[in-house]
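Below: one structure, written as structure tokens.
Every heavy atom of this structure was used, including side-chain atoms; hydrogens, water molecules and symmetry mates were not.
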Amino acid sequence: MKKYKLSTRAIHAGQEPDEATGAIMTPIYASSTFVQQSPGVHKGYDYSRSGNPTRTALENCMASLEDGQWGFAFASGLAAENAVLDTLEAGSHIIAMEDMYGGTFRLFDKVKKISAALEVTYLDLNNEQELENSIKGNTRLIWVETPTNPMLTIVDLQKVAALAKKHGILTVCDNTFASPVLQKPFDFGIDVVVHSATKYLNGHSDVIAGIVVVKDDRELAEKIKFIQKATGGILSPFDSFLVLRGLKTLPLRMKAHCSNAKKIAAFLENHPKVEKVIYPGLESFPQHELAKKQMKDFGGMITFLLKGGIEESRRFLEKTKLFALAESLGGIESLIEHPAIMTHASIPKEMREKLGVADNLVRVSVGLEDIEDLLEELEEALRVV
């Protein structure tokens, strides 16, 4: 099949008009089971936990968008991450980026450490010497987030992947903040990509979903497929349909997210009530050049520090309306939150402080509203700081 450009694949990959009716949109196959012509003889589907045509369309579309070979859709981003971890033997060692989503840390530290005796070392993956020194005989996986949540640190994927390959270690990249529109981890040598599809992929804040894409390791893909069936954390047909619908506008939405975010970041950087703005698109961002090399654009996430402390932050966050005070990100609407109290509360305070997740740190998911309305609201809300 011809290799179309990404925007075309976002609309068409993995999908054909319905053979029975000609429906151009993939139907929601709300069926738990499928009739067999003879015992064990069927049309590719026997039970929806094993496979469902709506889910298959989404999985194939995501595999195409990430330039991988196999995609798997799960009931949440954490269910997707858990499936990847379940491919490891008990007692395996993982090296992970120290700045990561709080839910991922909770999965590693509070669940898999106990249930599978997984050992995790958290460090700055851009420190090559420290990374190599942390590799042990039982190290099986390096877990990357880039840009990280919430500090937006960029990890040099090419360097991490090269070091991992030298030692025969699997690499996984959480590509949620960038999406395949802005960043292609497989181009830099990464083995597996995961997403919280709840975020930019779906884009409408009405689904909880997760995605795993495997580049070219068939054995690993078969393991994940088996785990998906055996543990049952699958994405429903209806939610698969909704994410598939969201993907069709993903390239257009990401352009708008990035455009609005650049303007807001510049506004905040010049505001007297703002201590510091963290955004890869700013020249003041320490890894701006790496971001330009690795990403096609800089994304819709901004983190900034207000002048003041927890009380000033609380007053500011209570004042916004278009920027809804809520967890999550990547929807068409703008969201704002306080990482230390909300999304990253599960990370120990000393670890948060080391990373810079302070009481005056605010994270913004810039939506698609009119930029003038967003800037006006921020200006008004900052008056109370």
Side-chain angles (χ1 to χ4, degrees), residues 49-51 59 68-125 130-146 148-149 155 160-161 163-176 185 189-196 208-235 344 346-348 351:
R49 176 161 41 78
S50 304
E59 292 172 334
Q69 293 194 35
W70 298 278
F72 306 94
F74 292 86
S76 69
L78 286 168
E81 293 182 2
N82 188 71
V84 174
L85 297 179
D86 277 347
T87 65
L88 304 176
E89 295 179 355
S92 294
H93 175 239
I94 297 171
I95 299 173
M97 186 65 184
E98 59 185 356
D99 178 21
M100 59 161 51
Y101 168 51
T104 304
F105 174 82
R106 184 173 54 231
L107 174 63
F108 285 2
D109 192 65
K110 307 300 182 187
V111 179
K112 306 309 286 189
K113 191 162 76 172
I114 298 168
S115 66
L118 295 186
E119 180 188 356
V120 186
T121 298
Y122 303 96
L123 51 86
D124 178 1
L125 295 180
E130 188 178 8
L131 173 55
E132 186 146 28
N133 291 344
S134 297
I135 294 173
K136 305 180 179 183
N138 64 333
T139 303
R140 297 291 179 266
L141 186 150
I142 299 176
W143 189 280
V144 185
E145 263 189 38
T146 183
T148 61
N149 183 2
V155 176
V160 171
L163 180 63
K165 280 181 170 47
K166 186 172 84 170
H167 293 275
I169 298 169
L170 185 73
T171 50
V172 177
C173 178
D174 184 340
N175 203 27
T176 298
I190 296 295
D191 300 306
V192 179
V193 168
V194 297
H195 286 271
S196 171
I208 300 291
I211 296 288
V212 176
V213 180
V214 177
K215 183 181 180 182
D216 53 17
D217 187 333
R218 180 179 292 276
E219 183 180 353
L220 178 62
E222 288 176 352
K223 282 183 182 179
I224 293 173
K225 179 66 176 173
F226 175 79
I227 289 165
Q228 185 186 44
K229 176 181 177 179
T231 60
I234 56 168
L235 192 61
H344 290 69
S346 61
I347 294 178
M351 191 171 180

**Report entry** N/O donor-acceptor pair under 3.5 Å between N138 side chain and G91 backbone
**Finding:** yes
Report task. Can you measure from CD (E219) to CD1 (I224) and round to the nearest 0.5 angstrom? Result -> 11.5 Å
Query raised in the report: Got more than 12 heavy atoms from elsewhere within 6.0 Å of NZ, K229?
Result: no
Requested in this report: Carefully, step by step, assess L220 and W70 under the rule side-chain contact (heavy atoms from CB on, under 4.5 Å).
Outcome: CA-CA 10 Å; L220 178 62; W70 298 278; over 6 Å; no
Query raised in the report: If you measure from NZ on K215 to CD1 on I190, what distance do you get to the nearest 0.5 Å?
Result: 9.0 Å
Query raised in the report: For the side chain of H344 and the backbone of M100, is there at least one donor-acceptor N/O pair under 3.5 Å apart?
Result: yes
Query - Shortest non-hydrogen separation from A221 to F72 and the atoms involved - result: O-CZ, 3.3 Å
Requested in this report: Without swapping roles, check the side chain of K136 against the backbone of S92 for a donor-acceptor pair under 3.5 Å.
Outcome: no
Query raised in the report: Any donor-acceptor pair under 3.5 Å linking the side chain of Q228 with the backbone of A73?
Result: yes
Query raised in the report: What is the minimum heavy-atom distance between G233 and A79, and which atoms define it?
Result: O-CB, 4.3 Å
Requested in this report: Please confirm whether the backbone N or O of V155 pairs with a side-chain atom of T146, one donor and one acceptor, at under 3.5 Å?
Outcome: yes
Query raised in the report: About how many Å separate CD1 of I227 and OG1 of T87, when rounded to the nearest 0.5 Å?
Result: 5.5 Å
Query raised in the report: What closest approach, in Å, do I208 and S76 show between heavy atoms, and which atom pair accounts for it?
Result: CG2-CB, 3.6 Å
Requested in this report: From the options D86, V212, T104, select the one residue that forms a side chain to side chain contact (heavy atoms under 4.5 Å, CB included) with E81.
Outcome: T104
Requested in this report: Supply the atom-to-atom distance E222 CD to D217 CG, rounded to the nearest 0.5 angstrom.
Outcome: 9.5 Å
Query raised in the report: Do any N or O atoms from the side chain of T171 and from the backbone of A161 form a donor-acceptor pair under 3.5 angstrom?
Result: no
Report task. Going by the side chain to side chain contact (heavy atoms under 4.5 Å, CB included) test, name the single residue among T121, L85, V172 that passes it with I94. Result -> L85
Requested in this report: Without swapping roles, check the side chain of E145 against the backbone of Y101 for a donor-acceptor pair under 3.5 Å.
Outcome: yes
Query raised in the report: When rounded to the nearest 0.5 angstrom, what distance separates CG in N175 from NE2 in H195?
Result: 4.5 Å
Requested in this report: Take N82 and K112 through the side-chain contact (heavy atoms from CB on, under 4.5 Å) test and state the conclusion after the steps.
Outcome: CA-CA 8 Å; N82 188 71; K112 306 309 286 189; 3.2 Å; yes
**Report entry** side-chain contact (heavy atoms from CB on, under 4.5 Å) between L131 and I142, intermediate numbers included
**Finding:** CA-CA 9 Å; L131 173 55; I142 299 176; 4.1 Å; yes
Query raised in the report: Is the closest side-chain heavy-atom distance between V120 and W143 below 4.5 Å?
Result: no
Report task. Determine whether L170 and R140 make a side-chain contact, defined as any pair of heavy atoms from C-beta on separated by less than 4.5 Å. Result -> no
Report summary line: Given the options V144, L123, D124, M97 meets side chain to side chain contact (heavy atoms under 4.5 Å, CB included) only with D124
Query raised in the report: CG of L163 to CD1 of I169: how many Å apart, nearest 0.5 Å?
Result: 7.0 Å
Report summary line: Residues A75 and I234: closest non-hydrogen pair is CB-O, 3.4 Å
